[in-house]
Protein chains: 4
Amino acid sequence: MKEIKVGIVGLGRLGSVHAQNLAFKIPGCKLVAACSLEQKELDWAKDYLKVEYTTTDYKKMVDEADIEAVVIVSSSPEHCWMIEYALDAGKHVFTDKPLGCSLEECKRAEAAVERHPDKIFFLGFMRRYDPSYADAKAQINAGRIGKPYLVKATGLDPEALVESCIKFSKTSGGIFIDAASHDIDLMRWFLGGEVTEVYAAGTNFKHPEFAENGDTETGMAMLKFDNGTVAFLHVGRTAPHGYHTETEIVGTEAHIRVAGVPWKDRVMVYDQYGARQEIVENFPQRFAEAYLLEMVDFIDCIQKDRKPELTVYDGTKATLVTYAITDSFHSGKPVQVQY
Amino acid sequence: MKEIKVGIVGLGRLGSVHAQNLAFKIPGCKLVAACSLEQKELDWAKDYLKVEYTTTDYKKMVDEADIEAVVIVSSSPEHCWMIEYALDAGKHVFTDKPLGCSLEECKRAEAAVERHPDKIFFLGFMRRYDPSYADAKAQINAGRIGKPYLVKATGLDPEALVESCIKFSKTSGGIFIDAASHDIDLMRWFLGGEVTEVYAAGTNFKHPEFAENGDTETGMAMLKFDNGTVAFLHVGRTAPHGYHTETEIVGTEAHIRVAGVPWKDRVMVYDQYGARQEIVENFPQRFAEAYLLEMVDFIDCIQKDRKPELTVYDGTKATLVTYAITDSFHSGKPVQVQY
Amino acid sequence: MKEIKVGIVGLGRLGSVHAQNLAFKIPGCKLVAACSLEQKELDWAKDYLKVEYTTTDYKKMVDEADIEAVVIVSSSPEHCWMIEYALDAGKHVFTDKPLGCSLEECKRAEAAVERHPDKIFFLGFMRRYDPSYADAKAQINAGRIGKPYLVKATGLDPEALVESCIKFSKTSGGIFIDAASHDIDLMRWFLGGEVTEVYAAGTNFKHPEFAENGDTETGMAMLKFDNGTVAFLHVGRTAPHGYHTETEIVGTEAHIRVAGVPWKDRVMVYDQYGARQEIVENFPQRFAEAYLLEMVDFIDCIQKDRKPELTVYDGTKATLVTYAITDSFHSGKPVQVQY
Amino acid sequence: MKEIKVGIVGLGRLGSVHAQNLAFKIPGCKLVAACSLEQKELDWAKDYLKVEYTTTDYKKMVDEADIEAVVIVSSSPEHCWMIEYALDAGKHVFTDKPLGCSLEECKRAEAAVERHPDKIFFLGFMRRYDPSYADAKAQINAGRIGKPYLVKATGLDPEALVESCIKFSKTSGGIFIDAASHDIDLMRWFLGGEVTEVYAAGTNFKHPEFAENGDTETGMAMLKFDNGTVAFLHVGRTAPHGYHTETEIVGTEAHIRVAGVPWKDRVMVYDQYGARQEIVENFPQRFAEAYLLEMVDFIDCIQKDRKPELTVYDGTKATLVTYAITDSFHSGKPVQVQY
């Protein structure tokens with residue numbers, strides 16, 4: 001297999017995870033270029049990751065660096081034009097979620113992908129690569145839970161990190177758009193249908209700043225699907241115990257619950273607080289393996305000229321649903337999802 | 001303390017549980033009368049429970065038997081007139097849920113209770129007496145979870161007993177009316193608010209007979225409360241693993257989950273199926289202690305002339321909400337709850 | 001079934017549990033007599049339990065009270081002569097563990113039981129009646145774990161109650177004699193063999209008072225059985241988290257673990273300490289149901305003239321093993337068990 | 001940091017894990033040489049791992065290949081002379097457990113290590129690098145469990161792989177020598193003391209072939225330490241449910257249990273078998289991360305000229321204890337450990 005040369009844009013919290021994976025942990029690829037607006041991040045890439053080419057100019061990296069693939073971990077509003085630019089330049093593209101921040105952006109990405117059917121376009125809904133979610137899906141595919149008809153999804157950021165969430169809430173588009181796209185993707189994946197109508201609510205009992213920013217601390221929604229299935233969604237940013245992502249798939253022959261206790265490791269402590277397990281602290285810790293495995297698959301897709309399971313349309317659909325839920329939250333009424 | 005003499009009406013599945021508790025396990029009371037339409041149940045009461053007075057005629061029992069209290073475990077449509085008759089005859093009354101099958105019936109019971117403020121009226125939402133739910137409530141009252149703002153309720157009868165559910169579904173009023181009142185009561189109790197709007201759905205992927213009977217196999221709903229809190233409801237009759245009643249209360253400072261794994265006992269088996277716990281089989285097994293403790297409290301209320309926490313209005317409200325959910329399920333639209 | 005009239009001796013911590021069960025919760029019996037050295041306990045029996053006959057003199061109760069059965073919950077050194085006296089007086093006998101405090105005492109009890117084959121002699125190893133242990137045993141009997149060949153037993157009293165343990169350690173005979181007989185009984189029951197050799201140790205790192213009293217804070221032992229099976233024993237009095245009784249039975253086809261987490265109820269709390277379950281606080285809480293069920297069985301044995309599974313010899317054997325372990329702890333060498 | 005060039009000997013089950021980690025997943029190193037007796041393993045190393053130098057002759061690799069470090073994953077009897085040869089040739093050395101198969105071998109390795117204090121010698125007791133065991137140790141070091149005084153260790157290979165264990169049992173030295181050295185190392189690490197006396201037993205109820213080979217299917221032992229602490233050991237090869245490594249550390253202020261349920265992932269299935277978690281299948285799956293992290297640390301030690309926590313003497317001591325336990329198993333008597 002030939003070695004795939006990769007450039008990355010974005011070296012922030014998640015970007016640095018991807019960059020280290022690409023630099024050190026994935027057979028068959030080499031991280032040779034990095035783009036960031038922060039010079040110290042570029043220095044780190046040069047010194048620690050041994051990246052040859054660094055720049056603050058994304059277009060320059062795509063045009064000049066000796067790369068076949070681009071990994072996009074920039075801020076969400078930058079995703080779509082960067083996808084388009086890289087594909088049009090003949091690069092394979094991996095992009096972090098969400099696909100885009102509006103239907104227009106998503107459509108632009110879709111068109112770019114359609115223009116370049118020979119290029120790999122890879123959407124970073126990494127939860128599908130988490131061994132536990134993959135196990136759940138494999139059992140569903142093997143028929144072991146019968147017909148799945150209900151998903152209960154919980155996605156809670158930890159109270160410990162709430163300050164950054166509050167700051168971010170001014171510009172994030174709201175909790176559903178910001179936090180729910182992974183859950184929507186899992187629901188569609190597990191239930192095998194498309195969302196038709198959503199009904200949402202939110203609460204704001206701990207940090208009034210969220211409401212002041214036009215957002216909400218916690219979001220709940222019920223979703224109806226075109227195949228008659230249903231989902232519950234509960235997203236939040238103030239979990240007292242840590243990072244809590246939990247998903248239950250209810251089927252006619254079995255139920256599968258992923259991470260009912262989102263333990264940090266295999267330790268159970270028995271002390272004055274009872275018998276207790278500590279909780280994972282944040283998403284990079286919880287999904288470390290998933291971030292690695294999705295990137296392994298991206299490189300493998302390029303090497304074997306194989307299309308990934310996730311398509312650009314999955315990105316558009318998840319985005320549309322999060323917008324519909326946001327509308328329902330604001331109006332208090334059920335909202336139809338328009339595709 | 002004087003011994004309270006009690007008569008019971010209804011000796012079916014749950015009635016026989018109450019009857020045995022009254023006969024053998026509760027200090028300060030004596031079961032002296034029993035009413036049932038089944039002669040063999042009356043024989044059992046006479047022979048095994050040593051009940052002195054048996055009859056097939058409820059009014060006769062109330063009028064003639066030497067009793068101070070009546071325990072009503074008859075079929076749901078009989079509850080309200082029996083409550084009224086017993087109260088008007090000067091008896092204390094315990095009634096199983098639901099209070100009534102229509103707003104009219106409930107109002108009739110309310111009026112009877114209001115006419116007899118010196119009598120104990122006790123509503124059998126026994127889950128409040130389950131040690132685990134009581135523990136959850138005590139922690140909430142002590143402020144340990146902060147402000148509770150979301151309840152996720154699951155109530156699933158086991159697939160093993162689905163045949164009787166299918167039969168019953170022709171006349172039960174539908175799954176929400178039949179199965180959800182305990183959950184509604186717990187939501188109101190934990191969240192401290194009243195339901196204002198509900199939005200429901202249902203699925204029917206395993207036993208088409210439910211849909212043929214105008215009912216649904218599984219019911220889901222989202223509920224908004226007047227204090228800004230929210231609840232999810234998931235009821236069903238086909239849990240592959242057993243009887244599954246689970247409730248999570250999400251608060252600003254902690255979450256409490258009751259029975260995430262509804263184990264039968266303290267046994268964990270490690271074998272070819274993994275590490276596994278067997279599940280409780282049915283509601284009498286799950287709530288054996290709660291049925292006993294609520295009856296202990298009923299007798300204690302009589303002896304100490306003390307009003308129970310649950311009132312007749314709690315019964316009316318739970319009934320109204322289950323009707324509203326049923327309406328939403330049929331119309332597909334949100335429904336306001338009218339009090 | 002005729003009603004069995006019962007007298008009880010001992011109304012302390014456990015005695016009061018048995019007394020209330022006999023008075024209120026067991027069909028087919030009536031608690032009519034009570035003996036205690038504490039007048040206030042006798043007053044309580046009279047007032048609350050409605051016991052007719054009370055006395056501070058055990059022999060008088062056996063001779064004078066209108067009883068068919070005696071329940072012995074006195075201090076351990078009193079058990080054997082009380083057993084003998086009651087049997088010789090023609091009474092059925094229930095005795096709490098241990099059978100006796102020496103081989104001589106046990107032999108005296110054995111002889112009395114042998115003299116009265118028509119009387120029920122019932123030994124209170126109540127753990128056999130705990131639903132979880134009974135479930136484990138039923139699975140073993142059904143062949144579901146294959147051949148059981150190893151038992152790992154843990155029995156820890158809570159640190160919260162250590163003061164009374166320290167006081168008691170001067171006269172209790174040591175931790176193994178005091179605390180291990182239930183575990184020995186379970187090992188024999190599950191493994192189906194007799195102990196041949198034991199090897200013990202102890203630690204004393206928290207409360208030097210135990211060592212000063214000639215006892216030890218914590219005791220460990222390994223036991224070899226005549227059928228080639230093995231057991232580990234870990235007893236202690238300083239569990240930081242609560243009352244911890246755990247037992248694992250390892251078999252060729254499955255392992256069964258009872259109470260790996262000795263939760264108090266079905267509540268899981270998610271808070272700053274992680275995901276946690278509170279622990280049962282003491283043995284009356286943990287084995288409330290077992291204490292009731294064994295007494296139900298005692299009464300049923302009398303009524304049906306049926307012999308219980310446990311015999312007086314089970315008591316002697318458990319006692320002998322705890323003495324052998326104590327010898328090994330003191331000598332540091334393996335000790336053969338002499339029957 | 002300069003890149004460390006590494007050669008590996010042994011490309012079997014565990015060797016291939018190490019080789020892939022070295023080739024793809026560890027910053028700062030390059031796998032350039034491989035030695036194996038199997039040509040197809042060498043081909044795989046060349047083709048897949050891109051190893052430049054391959055040979056069937058260990059000495060030749062050490063002498064000729066351009067390497068600074070050797071990773072030894074050969075069969076146990078080869079460990080010590082290979083350690084010596086590599087150190088004497090000026091290479092850093094990583095060796096898999098056990099250090100050696102006899103006291104003589106271990107002493108030879110010790111002498112070689114002492115002759116080359118400037119070289120890194122790294123002993124592969126990888127469990128210390130498992131995040132859960134490391135978490136336990138960190139909590140102990142932070143004083144959170146008080147004084148640790150008892151370790152309960154369980155190490156069970158799965159029944160699914162028993163055939164290879166039976167074959168291997170003819171030459172492995174017996175179950176304690178073969179399987180218990182990791183557990184002994186953890187006990188010493190957690191308890192902070194040295195084993196003084198051991199008392200062992202074994203059972204053989206499922207596969208008589210083990211006994212026919214002079215080995216035993218299952219081994220149990222109790223260990224006394226020089227600081228007054230104690231340990232239980234249970235090793236086996238027939239776990240019906242999978243690979244089960246569990247360790248409990250009992251302290252005066254808290255207990256820590258690692259992997260009471262050795263789940264495979266975060267999935268809980270609710271089906272006709274109850275609520276169940278699947279179990280890890282084998283040690284490479286269970287300790288994948290530990291194998292990676294120990295190798296990361298080995299390379300880091302070389303780069304920073306830093307001594308690892310584990311020393312050659314830890315290897316000798318673990319080996320001696322497993323021999324003492326084996327003696328006790330054969331003699332049936334306690335055996336003193338001679339250092």
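Every chain is numbered from 1 and lettered A, B, ... according to where its sequence line falls, protein lines coming before strand lines.
- Taking the six-membered ring where tryptophan is involved, the planes of C/Tyr270 and A/His244 are tilted, since the angle between them lies from 30° to 60°.
- At most 12 non-hydrogen atoms from other residues, nucleotides or ligands lie less than 6.0 angstrom from CD of A/Glu289.
- Enclosure of atom NZ in A/Lys137 by more than 12 non-hydrogen atoms of other residues, nucleotides or ligands within 6.0 angstrom is indicated.
- Residue-level contacts of residues 249-264 of chain C with chain A, in order of numbering, are C/Gly260, C/Val261, C/Pro262; threshold 4.5 Å between heavy atoms.
- In this structure, C/Arg276 CZ and A/His241 NE2 are separated by 12.0 Å, a value rounded to the nearest 0.5 Å.
- Other residues, nucleotides and ligands contribute more than 12 heavy atoms inside 6.0 Å of the NZ atom of C/Lys147.
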